[in-house]
Engineer: 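Before we start, here is the structure in question, set down as structure tokens.
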Amino acid sequence: MPVTVIDPPLAKSLSDLLRPHLPDAVEEIEREVRVHVHEGGPPVDADYRRAVRQVINETVAHFVDSLGRDATGSTQLTVLYSQLGAEAARRGYSLDRLQTALRLSGQVACRRFIKDAYRFSWSKETLSSLTDGLFGLLAQAADAGAQGLVTARR
């Protein structure tokens with residue numbers, strides 16, 4: 001499925017609008033993951049929580065910075081999630097945890113996009129392009145995390 005690329009001038013405008021809200025988005029995603037993923041399974045130590053927060057921070061920044069171009073296939077993102085999957089495997093965590101965290105992250109992002117669409121009067125095409133890009137990024141992250149987990153378990 002082709003990714004919808006946002007017109008570069010609009011992408012810069014969207015990036016500029018979203019960038020100040022990145023810390024709040026990271027905090028909200030991290031809180032959802034902590035409550036719904038980490039507290040429901042085997043104990044998660046502070047180092048792993050910090051690593052997950054860093055991955056969330058880098059992913060959100062990557063998404064906003066990549067607006068206006070096809071960010072799927074990003075080596076940086078693939079390496080990041082492959083490493084996270086490998087670390088999950090070393091700690092005995094299941095792939096379900098990573099996939100649940102990604103789904104929750106997508107839900108938070110979509111809620112925030114919808115709120116921003118109303119606040120900034122975005123067109124439905126803009127909102128559609130953002131969500132298409134988001135789901136492309138999440139699919140890439142899920143694939144890389146799964147590959148990292150499988151590779152580490154061999």
Side-chain angles (χ1 to χ4, degrees), residues 3 5-6 8 10-117 119-120 122 126-127 129-149 151-152:
V3 174
V5 178
I6 300 171
L10 176 58
K12 171 142 179 35
S13 173
L14 291 171
S15 293
D16 291 345
L17 281 172
L18 294 173
R19 196 164 281 108
H21 303 283
L22 293 184
D24 290 338
V26 169
E27 183 65 33
E28 186 177 352
I29 292 168
E30 193 275 333
R31 185 176 50 251
E32 289 288 316
V33 168
R34 183 180 62 244
V35 168
H36 296 289
V37 178
H38 292 167
E39 292 180 3
V44 176
D45 65 44
D47 288 340
Y48 191 72
R49 283 185 198 263
R50 276 192 294 278
V52 168
R53 183 174 178 85
Q54 183 62 32
V55 167
I56 293 167
N57 190 48
E58 289 182 36
T59 303
V60 170
H62 175 82
F63 179 78
V64 170
D65 291 341
S66 69
L67 292 175
R69 62 185 193 281
D70 182 355
T72 58
S74 164
T75 303
Q76 173 190 0
L77 195 67
T78 299
V79 168
L80 185 66
Y81 277 89
S82 181
Q83 291 172 342
L84 184 63
E87 184 60 28
R90 282 190 284 281
R91 293 171 179 268
Y93 302 152
S94 72
L95 184 57
D96 289 343
R97 280 185 140 189
L98 176 59
Q99 291 175 338
T100 299
L102 287 168
R103 281 191 300 275
L104 287 168
S105 299
Q107 289 172 338
V108 169
C110 284
R111 283 194 307 260
R112 294 180 72 90
F113 287 163
I114 291 166
K115 185 171 117 180
D116 288 342
R119 181 173 35 173
F120 298 123
W122 291 344
T126 297
L127 184 57
S129 293
L130 282 170
T131 55
D132 283 351
L134 172 67
F135 284 104
L137 180 140
L138 292 173
Q140 179 187 347
D143 290 346
Q147 187 61 47
L149 190 131
T151 300

Engineer: Quick one: pull up CG in Leu10 and CG in Leu67 and give me the separation to the nearest 0.5 Å.
Structural biologist: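 Going from the CG atom of Leu10 to the CG atom of Leu67 covers 8.5 Å.
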Engineer: Would you call His62 and Leu80 a side-chain contact if the rule is heavy atoms closer than 4.5 Å?
Structural biologist: no
Engineer: Answer yes or no: is there a side-chain heavy-atom contact under 4.5 Å between Leu14 and Phe120?
Structural biologist: no
Engineer: Determine the minimum heavy-atom distance between Pro20 and Pro23, stating which atoms define it.
Structural biologist: O-CD, 3.7 Å
Engineer: Which class fits the ring pair Tyr48 and Tyr93: parallel under 30°, tilted 30 to 60°, perpendicular over 60°?
Structural biologist: perpendicular
Engineer: Drop me the distance from Arg112's CZ to Glu28's CD, to the nearest 0.5 angstrom.
Structural biologist: 5.0 Å
Engineer: Kindly indicate whether the side chain of Val52, heavy atoms from C-beta on, has any atom under 4.5 Å from the side chain of Val33.
Structural biologist: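 With C-beta onward as the side chain, the pair touches.
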Engineer: I would like to know whether Lys115 and Arg111 meet side chain to side chain contact (heavy atoms under 4.5 Å, CB included); could you show each step before the answer?
Structural biologist: CA-CA 6 Å; Lys115 185 171 117 180; Arg111 283 194 307 260; over 6 Å; no
Engineer: Taking atom CG of Leu102 and atom CZ of Phe135, what is their separation to the nearest 0.5 Å?
Structural biologist: 11.0 Å
Engineer: For the pair Arg90 and Glu87, find out whether any cationic side-chain nitrogen is under 4.0 Å from an anionic carboxylate oxygen.
Structural biologist: yes
Engineer: Please find the pair of heavy atoms, one from Thr131 and one from Phe113, that lie closest to each other, and give the distance.
Structural biologist: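 Between these two residues, the closest heavy atoms are CG2-CD1, 4.0 Å.
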Engineer: Side chains of Ser105 and Glu32 only: does a donor on one sit below 3.5 Å from an acceptor on the other?
Structural biologist: no
Engineer: Does the side chain to side chain contact (heavy atoms under 4.5 Å, CB included) test come out yes or no for Arg91 and Asp47, once each step is laid out?
Structural biologist: CA-CA 11 Å; Arg91 293 171 179 268; Asp47 288 340; 4.2 Å; yes
Engineer: Counting N and O atoms only, with roles assigned by atom type, does the side chain of Ser15 sit under 3.5 Å from a partner on the main chain of Asp65, one being a donor and the other an acceptor?
Structural biologist: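 No; judged by distance alone, with no hydrogens or angles, the pair does not exist.
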Engineer: Search all heavy atoms of Leu95 against all heavy atoms of Ala146 and return the closest pair with its distance.
Structural biologist: CD1-CA, 3.7 Å
Engineer: Let me confirm one number: the CG-CG distance from Leu98 to Leu84, rounded to the nearest 0.5 Å.
Structural biologist: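 Separation between the atoms: 5.5 Å.
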Engineer: Calculate, to the nearest 0.5 Å, the distance between atoms CG and OG belonging to Leu77 and Ser66 respectively.
Structural biologist: 8.5 Å
Engineer: Contact between Arg49 and Arg53 at the side-chain level, heavy atoms closer than 4.5 Å - yes or no?
Structural biologist: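 No, every pair of side-chain atoms sits at 4.5 Å or beyond.
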Engineer: How close do Phe63 and Leu134 get, counting heavy atoms only, and between which atoms?
Structural biologist: CE1-N, 3.4 Å
Engineer: Look up atom CG in Leu149 and atom CZ in Arg97, then write down how far apart they are to the nearest 0.5 Å.
Structural biologist: 12.0 Å
Engineer: Considering all heavy atoms of both residues, which atom of Gly106 and which atom of Leu138 are nearest to each other, and what is their separation?
Structural biologist: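 Nearest heavy atoms, Gly106 then Leu138: CA-CD1, 3.6 Å.
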Engineer: For the pair Val60 and Ile29, evaluate side chain to side chain contact (heavy atoms under 4.5 Å, CB included) and give the outcome as yes or no after the intermediate values.
Structural biologist: CA-CA 10 Å; Val60 170; Ile29 292 168; 3.9 Å; yes
Engineer: Would you call Arg50 and Glu30 a salt bridge, using N to O less than 4.0 angstrom?
Structural biologist: no
